[in-house]
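Chain A is the first sequence line, chain B the second, and so forth, proteins listed ahead of strands; every chain is numbered from 1. Keep in mind that what you see is a predicted model, and the values were worked out from it rather than measured.
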Amino acid sequence: MRVVVQEEPFDLAAETAAFAQGEGSSGAIVTFTGVVRDLDDAPLEAMEIEHYPGMTEKALHDIAAQAVARFDLQDVLVIHRYGRLVPGAQIMMVATAARHRRSAFDAADFLMDYLKSRAPFWKREITAKGESWVAAKDEDEAALKRW
Amino acid sequence: MRVVVQEEPFDLAAETAAFAQGEGSSGAIVTFTGVVRDLDDAPLEAMEIEHYPGMTEKALHDIAAQAVARFDLQDVLVIHRYGRLVPGAQIMMVATAARHRRSAFDAADFLMDYLKSRAPFWKREITAKGESWVAAKDEDEAALKRW
Amino acid sequence: MDILYFAWVRERIGLPRERVDSTAATVAELVEELRGREERYAVAFSDLSALRVAVDQELTDFDAPLAGAREVAFFPPMTGG
Amino acid sequence: MDILYFAWVRERIGLPRERVDSTAATVAELVEELRGREERYAVAFSDLSALRVAVDQELTDFDAPLAGAREVAFFPPMTGG
């Protein structure tokens with residue numbers, strides 16, 4: 001299990017290779033990568049991510065440990081950035097390894113639902129028209145009830 | 001859209017990076033990688049994968065195109081190997097890119113369900129005790145009904 | 001027309017492909033002809049529910065017509081992924 | 001005890017953290033004290049349904065006890081991932 005919270009970019013290729021390398025005994029590896037994208041209605045200049053140092057690391061560890069126990073994972077990786085990110089930049093990734101496909105998929109899905117609503121990150125979008133905090137969606141909170 | 005059928009190993013890290021590189025406009029990238037693993041009850045010496053040259057490429061293209069249309073993907077990648085593979089070897093991967101997380105996850109899941117039961121590959125497991133063709137599971141066929 | 005066999009169907013029949021002259025109108029009729037040839041065919045085709053068929057590299061059913069078909073393949077349910 | 005504010009709560013109150021001496025027994029009581037201080041606190045805490053709270057870096061509820069707490073953080077619903 002590895003949890004990383006950092007401002008710098010991460011190397012998706014190297015992280016994926018290292019994760020897969022350690023997981024020869026797993027049948028299934030799933031990765032999810034979140035990328036900053038333009039808004040539906042306006043070009044985005046940047047996304048700024050604020051977080052709660054200390055609590056963030058604890059929350060991510062806790063979520064990752066829950067995923068391991070619940071989906072019988074052989075390994076899990078969570079990387080999440082903070083600070084100023086431009087469109088096209090990779091915000092975060094999770095990777096899951098399990099003996100069976102369904103577990104690896106469900107665990108990645110579970111991690112994303114929990115990261116979205118239970119890890120202390122707040123996104124702010126900066127466009128030519130101004131800046132605004134991204135509002136949490138009711139559907140994100142509702143998604144947790146699936147698990 | 002890229003579909004590859006080959007005997008040689010593929011470079012998961014390089015493929016993932018190249019796929020993500022081309023997808024700056026997507027918010028979500030999901031990859032699934034299948035790895036040869038030991039059986040539940042016996043060590044596996046090798047897995048041999050037979051396929052139907054010609055039909056395989058057509059079936060994979062067709063499945064990938066269905067995924068793009070159905071989940072509004074911005075890109076999709078399918079790589080599947082054949083021949084003799086040893087435990088720990090990567091058998092196949094899919095990658096999906098979409099504006100939204102749910103689409104990317106569902107598309108990868110859809111691709112795996114269809115690759116499993118609709119792409120002309122047949123697996124044979126070789127152990128110290130003998131060799132046998134992997135039997136299709138009723139649940140794999142049933143999984144297609146989800147879509 | 002070319003007939004292809006894969007996986008254990010190939011093993012039971014003992015060859016990966018063969019050329020067959022047939023006037024069968026459907027896959028099912030072709031299967032009947034093959035069954036009548038030799039024991040190994042009868043064994044391979046004894047349980048159609050365990051078999052799948054592709055005509056010209058498209059999955060289809062046993063009642064599919066063969067008019068114009070160039071290639072028919074028989075194999076067990078697929079196990080990709 | 002340290003009180004931390006994040007995102008728009010931090011902006012409305014105008015600072016990221018402050019040290020507060022309080023005898024509040026619960027988070028809700030602490031919020032009442034803060035509301036009574038100045039208008040900017042009253043505004044930031046006007047709708048508790050729009051806020052989340054963590055005590056000693058664990059998410060909790062507004063009726064959570066504060067006995068022994070060293071750090072209380074207020075922030076909007078999280079938007080990670």
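- Each of A:Phe121, A:Trp122, A:Tyr82, A:Phe32 has some count of heavy-atom pairs under 4.5 Å with chain D, and the biggest count is that of A:Trp122.
- The structure places CE of A:Met55 at 10.0 Å from CD of D:Glu71, a figure rounded to the nearest 0.5 Å.
- Scanning both residues, D:Thr79 and A:Val134, for their nearest heavy atoms gives CG2-O, 3.4 Å.
- Residue pairs meeting the salt bridge (Lys or Arg N to Asp or Glu O under 4.0 Å) criterion with at least one member in residues 25-46 of chain D, sequence neighbours excluded, are D:Glu18-D:Arg37, D:Glu32-D:Arg35, D:Glu38-D:Arg40.
- Legend: salt bridge (Lys or Arg N to Asp or Glu O under 4.0 Å) pairs involving residues 122-131 of chain A, not counting sequence neighbours, sorted by first then second residue: A:Arg124-A:Glu131, A:Arg124-D:Glu11.
- Here D:Met78 contributes atom CE and A:Glu141 contributes atom CD; the two are 8.0 Å apart, rounded to the nearest 0.5 Å.
- Proximity to chain D is absent for every atom of A:Ala59, based on heavy atoms less than 4.5 angstrom apart.
- For the set D:Pro16, D:Ala7, D:Pro77, D:Pro76, the count of heavy-atom pairs under 4.5 angstrom toward chain A peaks at D:Ala7.
- Note: A:Tyr52 and D:Phe75 have perpendicular aromatic rings, judged against thresholds of 30 and 60 degrees for the angle between ring planes.
- Proximity to chain A among residues 44-57 of chain D is limited to D:Ala54, D:Asp56, D:Gln57, judged by heavy-atom separations below 4.5 angstrom.
- At a heavy-atom separation below 4.5 angstrom, chain A is approached by no residue within residues 63-70 of chain D.
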